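Please read all numbers here as calculations on a predicted model, not as lab measurements. Every number for a ligand or one of its atoms is a count from 1 in the order of the listing.
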Amino acid sequence: MSRQHHKSIVVLTGAGVSAESGISTFRALDGLWESYRIEDVASPRGFAANPHLVHRFYNDRRKRLLSGTVQPNRAHRALADLEASFRGAFLLVTQNIDDLHERAGSKNVIHMHGELLKQRCAYCGDIEAATPQLGITDACARCHRTGGIRPHVVWFGETPLRMEDIYSAIEDCNLFIAIGTSGNVYPAAGFVAAAAAVGAHTVELNLEPSAVESAFAEKKYGPAGTLVPEFVSTLQG
Ligand code: BJW
């Protein structure tokens, strides 16, 4: 399959694309949800009940992301190369809140579940670069109220970001590739069905079959750092 056959590509990435960079996934046996209960740290109710715990969860992840030990891997770089060499429309939708796609050179990126390096005021909606350690006494730079500063991430029950742009790109795409995502969380897990419905070729690249594996026309299993450069080279060949 050469890139000449594809006019528009949408790539969806999940935690698996960053696993080889040293960032924990969520649902692995040693994943984040083994140490934390999802509803405690990734829901508005959890934040209301224990903001200290939620701030600590995200502060620790932010510190690690900025520590220097976490760097983009071959999968991030291959996707940036694909975008740079592809002549059609290219959109990278990531569920990840890290900035590794941007550090690798990707340009047209939507962070549908938000960004760890940003903070948002729950009162006025102001979005700013995150301070290293968010806390409950932080004041908003715009409305000056305290207690409303939260990570700029999308928790369960909240609406993912830029959904109209995402669905519009999927409706126009003829190649949809999902990489390193378990297919457990919606609406992202439903994108493959939306892409298949418009006739796009659909590809799953993952360590193991996802929960929505049967919806994909083509699937390859192994580490993203190996699979993604291999697959990208088939598109560039
Ligand atoms: C490798 C690898 C390697 C490892 N190489 N691969 C009942 C039915 C259907 C839906 C619902 C329902 N009840 C409620 C819902 C909706 C709910 C939902 O989906 N719940 C499910 C649990 C059932 N969804 C929501 O609430 C969402 N909002 C919503 O639906 O709003 C309504 C709406 C929809 C559409 C339009 C408008 C409005 C919000 C979801 C928010 C998710 N938030 C989180 C946390 C915040 C960010 C953060 O803290 O980082 O986002 S949860 C967490 O899961 C995080 C991730 O982005 C997300 C997805 O996880 P991901 O990336 O798939 O990671 P894993 O760990 O699950 O999988 C990793 C994969 O990689 C595995 O398969 C490994 O094998 C693989 N892997 N190493 C390649 N080296």
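Contact atoms of ligand 1 toward Pro223: 5 (N) (distance under 4.0 Å to a heavy atom of the residue). Every atom of ligand 1 with a heavy atom of Gly180 under 4.0 Å away is listed here by number and element: 6 (N), 69 (C), 70 (C), 71 (O). The contact set between ligand 1 and Ala224, taken as ligand atoms under 4.0 Å from a residue heavy atom, comprises 3 (C), 5 (N), 79 (C). Residue Asn184 has at least one heavy-atom neighbour below 4.0 Å for each of these atoms of ligand 1: 21 (C), 22 (C), 23 (C). Using a 4.0 Å cut-off to heavy atoms of Trp155, the atoms of ligand 1 that qualify are 39 (C), 41 (C). Residue Glu208 approaches ligand 1 through these ligand atoms, each under 4.0 Å from one of its heavy atoms: 75 (O). Those atoms of ligand 1 with a heavy atom of Gly157 less than 4.0 angstrom away are 25 (C), 26 (O). Less than 4.0 angstrom separates some heavy atom of Glu20 from each of these atoms of ligand 1: 3 (C), 5 (N), 80 (N).
Given atom 64 (O) of ligand 1, the protein heavy atom at minimum distance is Ala15 CB, 3.5 Å. Taking atom 51 (O) of ligand 1 as the reference point, the nearest protein heavy-atom neighbour is His113 ND1, 3.2 Å. Scanning the protein for heavy atoms near atom 47 (C) of ligand 1, the closest one is Ile97 CG2, 3.8 Å. In terms of protein heavy-atom proximity, atom 2 (C) of ligand 1 is closest to Gly16 O, 3.5 Å. Protein heavy atom in closest approach to atom 36 (C) of ligand 1: Met163 CG, 4.0 Å. Protein heavy atom nearest atom 34 (C) of ligand 1, with residue, atom name and distance: Pro187 CG, 3.9 Å. Ranking the protein heavy atoms by distance from atom 19 (O) of ligand 1 puts Tyr186 N, 2.7 Å first. Among protein heavy atoms, atom 46 (C) of ligand 1 sits closest to Val154 O, 3.2 Å.
For the atom pair CG of Leu207 and CD of Glu20, the computed distance is 8.0 Å after rounding to the nearest 0.5 Å.
Checking only distances, Arg27 does come within under 3.5 Å of ligand 1, N or O to N or O. Considering backbone and side-chain N/O of Ser182, one or more are found under 3.5 Å from N/O of ligand 1. Checked against a 3.5 angstrom limit, the closest N/O atoms of Phe156 and ligand 1 fall outside it. Close N/O approach between Leu207 and ligand 1 is found [any backbone or side-chain N/O within under 3.5 Å].
Counting heavy atoms only, Phe26 comes closest to atom 55 (C) of ligand 1 of the residues Tyr167, Phe26, Phe57, Tyr58.
Counting all heavy atoms, side chain and backbone alike, Ala195 lies closest to Cys173 at CB-SG, 4.3 Å. The two atoms that bring Ala78 and Val228 nearest to each other are CB-CG1, 4.0 Å, heavy atoms only. Closest approach of Val203 to Leu175, counting heavy atoms only: CG2-CD1, 3.9 Å. The two residues Arg150 and Leu134 come nearest to each other via the heavy atoms C-CD1, 3.8 Å. Of all heavy-atom pairs between Leu161 and His111, the closest is CD1-O, 3.6 Å. Scanning all heavy atoms of the two residues, the minimum distance from Met163 to Met112 falls at SD-CE, 4.2 Å.
Judged by distance alone, the side chain of Asn50 and the main-chain N or O of Leu53 form a donor-acceptor pair under 3.5 Å. Proximity of a side-chain donor or acceptor of Ser21 to a complementary backbone N or O of Gln71 within less than 3.5 Å is detected.
Protein heavy atoms come within 4.0 Å of atom 69 (C) of ligand 1. For atom 38 (C) of ligand 1, the nearest protein heavy atom lies closer than 4.0 Å. Under the 4.0 angstrom criterion, atom 15 (C) of ligand 1 counts as lacking any protein heavy-atom contact. Within a 4.0 Å radius of atom 29 (C) of ligand 1, the protein has at least one heavy atom. Atom 11 (C) of ligand 1 is not flagged as protein-proximal [any protein heavy atom, distance under 4.0 Å]. Protein heavy atoms are absent from the space less than 4.0 angstrom from atom 7 (C) of ligand 1.
A donor atom on one side chain and an acceptor atom on the other are not found under 3.5 Å apart for His76 and Thr13. No side-chain N or O of Asn174 forms a donor-acceptor pair with one of Ser8 less than 3.5 Å apart.
Proximity of Thr181 to ligand 1, defined as any heavy-atom pair under 4.0 Å, is shared by backbone and side chain alike. Using a 4.0 Å cut-off between heavy atoms, Arg61 contacts ligand 1 through its side chain alone, with no backbone atom that close. Under 4.0 Å from ligand 1, the heavy atoms of Ala19 that appear belong solely to its side chain.
Look at Pro160 and you'll find a heavy atom under 4.0 Å from some atom of ligand 1. Put simply, no part of Met112 is less than 4.0 Å from ligand 1, judged by heavy atoms.
Between Phe86 and His6, the gap from one ring centroid to the other reaches at least 6.0 Å.
Shown are Lys63, Arg56, Arg62, Arg61; of these, the side-chain hydrogen bond (donor to acceptor under 3.5 Å, both in side chains) with Asn59 is made only by Arg62. Partner Tyr221 forms a side-chain hydrogen bond (donor to acceptor under 3.5 Å, both in side chains) with one of Glu213, Glu204, Glu208 and no other, that one being Glu204.
Within a 6.0 Å sphere centred on NZ of Lys118, heavy atoms belonging to other residues, nucleotides or ligands number 12 at most.
Cation-pi geometry between Arg45 and Trp155 is not satisfied (NZ or CZ under 6.0 Å from the ring centre, within 45° of the ring normal).
By the 4.0 Å N-to-carboxylate-O rule, Arg162 lies too far from Glu164 to be salt-bridged with it.
At a threshold of 4.5 Å between side-chain heavy atoms, the hydrophobic network of Ile, Leu, Val, Met, Phe, Trp and Tyr places Ile166 and Leu92 in two separate groups.
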